[in-house]
Number of protein chains: 2
Amino acid sequence: MHSDRLADLLAPWLVGGRAYAGVAAGIRGLALDGRLSVGARVPSERQLAAALGVSRTTVTAAYDVLRSEGYLASAAGAGSRVTLPSSAPVRPDADPGEPTVVRDLTVAASPAPAQLLDAVAAATADLRPLLAGHGLHPYGLPALRTAVAAHLSGRGLPTEPEQVLVTNGALAAWDLLLRTVTRPGQRALVEQPTYPAALDAVAANHLRPVALPVGVEGWELPVAAAHVALVTPDGQNPTGLLADDAQRRALLAALDVPVVAADETFAELVLDGARPTPLAALDRRVVTLGSMSKAYWSGLRVGWVRADPSLLARLAQVRGTVDLSSPVLEQLVAVRLLAVADEVLADRVAWLTAARDALLAALAARLPDWRAVRPRAGSMLWVLLPGQSSTRLAAHALDLGLRVTPGPRFTVDGTADRWLRLPLSVPPELADEVAAVLQAAWERTVAGTDSRRIPSRWTA
Amino acid sequence: MHSDRLADLLAPWLVGGRAYAGVAAGIRGLALDGRLSVGARVPSERQLAAALGVSRTTVTAAYDVLRSEGYLASAAGAGSRVTLPSSAPVRPDADPGEPTVVRDLTVAASPAPAQLLDAVAAATADLRPLLAGHGLHPYGLPALRTAVAAHLSGRGLPTEPEQVLVTNGALAAWDLLLRTVTRPGQRALVEQPTYPAALDAVAANHLRPVALPVGVEGWELPVAAAHVALVTPDGQNPTGLLADDAQRRALLAALDVPVVAADETFAELVLDGARPTPLAALDRRVVTLGSMSKAYWSGLRVGWVRADPSLLARLAQVRGTVDLSSPVLEQLVAVRLLAVADEVLADRVAWLTAARDALLAALAARLPDWRAVRPRAGSMLWVLLPGQSSTRLAAHALDLGLRVTPGPRFTVDGTADRWLRLPLSVPPELADEVAAVLQAAWERTVAGTDSRRIPSRWTA
């Protein structure tokens with residue numbers, strides 16, 4: 001697209017705010033509404049800067065943002081072309097004067113920690129002596145198994161490196177466990193609500209999901225028997241509950257399940273109070289799943305399973321049917337980040353606490369009838385909508401540029417349509433802006449103006 | 001495992017030597033090469049003794065040895081199950097004067113290319129602008145999708161970035177495809193022989209494997225109908241065959257299969273002659289699987305699927321049930337390595353060609369009766385042993401410090417016991433040393449002497 005034409009199209013976005021953000025928002029919006037087609041080449045930074053009458057630095061910053069978001073792709077010598085991230089909203093066709101934020105709130109999307117680049121530099125040096133080897137370590141690099149064992153031991157769960165298998169995240173660990181210990185048709189007990197990918201993995205393994213209800217007060221007992229279970233007492237996703245030791249013991253006593261997976265993805269993100277006893281320290285049936293993805297960065301795909309060595313050997317063998325091994329460099333970065341975990345986690349907890357408090361305050365101000373479960377751990381907020389469908393709300397929000405996941409996505413049976421999950425990834429200074437979009441979507445929902453077609457590409 | 005089936009598998013070990021040592025060596029070998037899975041229950045001593053026609057004392061002694069070595073674990077009242085020793089191998093206890101090489105020839109274990117550290121440094125710089133994002137890219141980083149598309153296009157398969165999904169390797173891509181397009185009980189056509197992990201993935205997805213025989217001259221047609229197929233015309237693993245265009249067309253015409261996966265892991269490692277037409281350029285049913293793991297480094301866990309965008313969207317959705325996304329830094333390293341692919345691949349092909357020629361010459365000198373299929377592509381060598389069991393040879397080689405994978409591991413039905421796979425990862429200067437160990441193992445196999453104690457800590 002010619003620079004002058006693009007400059008004309010960008011004009012509406014360049015009112016107020018920082019110029020680079022306006023340029024980025026404009027190109028993003030044009031890509032999303034189809035006026036800039038996927039694959040179209042955008043002008044060079046110099047050309048666009050001239051056409052807009054801004055500095056080249058402004059356009060460079062805008063293109064960097066767009067590349068990081070997946071809206072631009074650059075190939076050496078071939079300029080930059082428009083792409084679409086797969087999670088992009090369909091089209092945020094807000095009316096003039098309405099909020100124009102384009103924001104994906106279906107994932108808790110934290111930026112990388114400040115310590116990451118130092119960890120990468122150190123890991124690159126650590127990589128050098130490993131280059132002569134073949135790079136396949138079915139259980140994980142010894143250095144990472146040792147670091148994870150020390151990390152878990154330090155959190156009150158004595159662990160030997162021989163009990164640790166490195167995976168590509170907690171979800172990969174859950175899927176691997178299901179592959180290893182179940183057969184099609186068996187029953188898998190999952191919390192209700194739980195995170196959508198956990199349910200998807202149950203379905204992909206041809207298991208029958210059985211709900212373990214979680215209310216605002218906690219896990220509702222007794223529960224049905226099953227072959228395997230997944231629980232998240234350390235920052236329940238999406239409710240943000242943190243089980244105390246009494247709740248843990250009651251839950252374990254109620255579980256008529258031979259293999260219990262405890263997903264501790266959020267265990268290091270306790271926002272209020274101290275961390276209770278790790279579930280695996282209370283019961284030998286418990287297999288602990290962990291991940292770097294929420295407490296550190298989702299762009300790191302490193303997680304682990306802690307299990308007794310005989311189960312671990314079976315998991316390692318099944319891992320050989322999936323993807324053999326985790327990347328070496330990635331594991332070395334994880335070792336270095338775990339070495340500065342206290343620092344990273346203190347930053348994360350402070351950030352999430354501020355985000356939580358700002359979002360709760362903004363919702364209370366604009367949507368006083370909504371009821372949120374105040375999360376004690378994790379990076380999610382679970383909100384009850386008074387008497388309306390979150391599916392309809394989500395469709396209206398999408399029209400307004402905000403992508404959110406409605407409650408039914410978190411349940412075995414498609415219930416919970418009065419609930420909505422929001423992530424604690426909204427910067428505090430944007431909390432009111434997000435709340436304003438939700439308020440506008442809510443007003444449309446309540447007014448029953450639901451004649452809009454629900455976008456066909458809705459998949460969240 | 002049923003006692004009669006285990007007795008059949010153990011037969012090759014029971015020639016000569018003490019019977020209990022043969023039973024122990026057999027179970028150890030079957031556990032190490034994966035035919036007995038970890039966690040599998042072995043028959044009771046009484047049952048196995050009856051099936052083998054030996055005394056119960058013999059089986060008791062064998063199980064005692066295996067328990068002491070860590071290959072069997074027994075729980076009171078629950079029988080014995082296969083395990084693998086968790087401690088790392090050190091070295092087998094060869095007698096003085098015998099070959100002392102300790103070498104794992106079950107994987108083609110190349111060191112990293114010289115260009116890797118530069119690629120990591122460049123990727124670290126590329127990472128900086130992505131740190132503000134959440135790091136999840138279900139289809140892969142746009143930069144890598146673009147680079148893979150350009151790479152495939154340059155090899156004669158016109159590809160758009162929108163046709164590319166990044167995975168954690170070709171095996172992960174095959175597993176993902178099976179998850180996406182099959183249901184338990186359906187038929188999956190696989191080459192016979194094929195690589196063991198491909199068969200394991202078929203089993204893990206609860207599919208019925210159907211053999212597509214591959215002889216020394218090529219793919220044996222016609223073949224049975226199936227729901228999905230995996231073929232490797234670009235460096236068949238383990239035979240090293242490279243299908244010419246006529247063979248490709250004949251194979252495609254014979255395939256009564258709606259989805260055909262072509263694993264191109266070895267496609268860039270053509271050792272003799274030019275590369276034929278990519279299979280996907282000949283037939284719209286073909287889904288191309290690729291990987292950095294053999295042509296670049298196995299410590300990189302990056303691969304891809306090329307498919308039409310509608311299938312790709314389904315694959316991406318299923319990917320969300322497995323591990324969400326590939327690591328960002330790893331993908332950036334892949335982009336940088338693909339940019340210098342010509343240089344990396346020229347080094348690799350030269351190295352493999354030298355390794356192949358040295359190994360073929362050493363085998364011809366020391367074992368002139370063996371018949372190797374001269375590989376035209378890839379990093380494997382498929383060898384026919386005249387009239388003896390490769391399973392027994394592998395057990396003797398293990399005694400001498402060399403771990404190799406016997407032929408039955410590559411077949412659907414446990415045939416091919418006269419075949420052996422060797423990798424082209426033996427440095428040329430060590431080829432004669434490896435051939436000498438194989439010669440010694442061969443002499444023991446032919447002599448039927450099986451009296452050596454097998455080293456207790458050997459697991460590599």
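A note on names: the letters A, B, ... follow the listed sequences, proteins ahead of strands, and every chain is numbered from 1.
Only the side chain of A:L127 comes within less than 4.5 Å of a heavy atom in chain B; its backbone stays farther off. Contact of B:V107 with chain A is made through the side chain alone, with heavy-atom distances under 4.5 Å. For A:V322, the parts lying near chain B are the backbone and the side chain together; criterion is any non-hydrogen pair under 4.5 Å. Of the two parts of A:V333, only the side chain, counted from C-beta on, holds a non-hydrogen atom closer than 4.5 Å to a non-hydrogen atom of chain B. Contact annotation for B:A201: both backbone and side-chain heavy atoms come within less than 4.5 Å of a heavy atom of chain A. With a 4.5 angstrom heavy-atom cutoff, B:S326 touches chain A only via backbone atoms.
Atom CG of A:L171 is separated from atom OG1 of B:T321 by 7.0 Å, given to the nearest 0.5 angstrom. How far OG of A:S68 is from CG of B:L141: 10.5 Å, rounded to the nearest 0.5 Å. Taking CG from B:N168 and CG from A:N168, the interatomic distance works out to 5.0 Å, rounded to the nearest 0.5 Å. Taking OG from B:S298 and CG from A:L324, the interatomic distance works out to 8.0 Å, rounded to the nearest 0.5 Å. A distance of 9.0 Å separates CG of A:D64 from CG of B:L130, quoted to the nearest 0.5 Å.
Within 6.0 Å of CZ in A:R183 there are 12 or fewer heavy atoms belonging to other residues, nucleotides or ligands.
In terms of non-hydrogen atom pairs under 4.5 Å with chain B, the most contact-rich of A:L131, A:D200, A:D323 is A:L131. Comparing A:V202, A:T180, A:D175 by how many heavy-atom pairs each has under 4.5 Å with chain B, the most go to A:D175. Comparing B:P327, B:P142, B:A203 by how many heavy-atom pairs each has under 4.5 Å with chain A, the most go to B:P327. Note: A:G133 leads A:S293, A:G133, A:A170 in heavy-atom pairs under 4.5 Å with chain B. Comparing B:S325, B:A123, B:A73 by heavy-atom pairs within less than 4.5 Å of chain A, the highest count is held by B:S325. Listed options A:P184, A:A204, A:S310 were ranked by heavy-atom pairs under 4.5 angstrom with chain B; first place goes to A:P184. No other option in B:A198, B:A147, B:A173, B:A172 has as many heavy-atom pairs under 4.5 Å with chain A as B:A172.
Counting heavy atoms from C-beta on, the side chains of A:R179 and B:N205 come closer than 4.5 Å. A:S425 has its side chain out of reach of B:H134: every pair of non-hydrogen atoms, C-beta onward, lies at least 4.5 Å apart. Between A:T124 and B:L117 there is a side-chain heavy-atom pair separated by less than 4.5 Å. The shortest side-chain heavy-atom distance between B:R301 and A:L136 falls under the 4.5 Å cut-off.
The two residues A:A197 and B:G320 have their closest heavy-atom pair at CB-O, 3.6 Å. The two residues A:P111 and B:A132 come nearest to each other via the heavy atoms CB-O, 3.6 Å.
Evaluated for a side-chain contact (heavy atoms from CB on, under 4.5 Å) with B:L329, the options A:L116, A:L300, A:V120 yield exactly one hit, A:V120.
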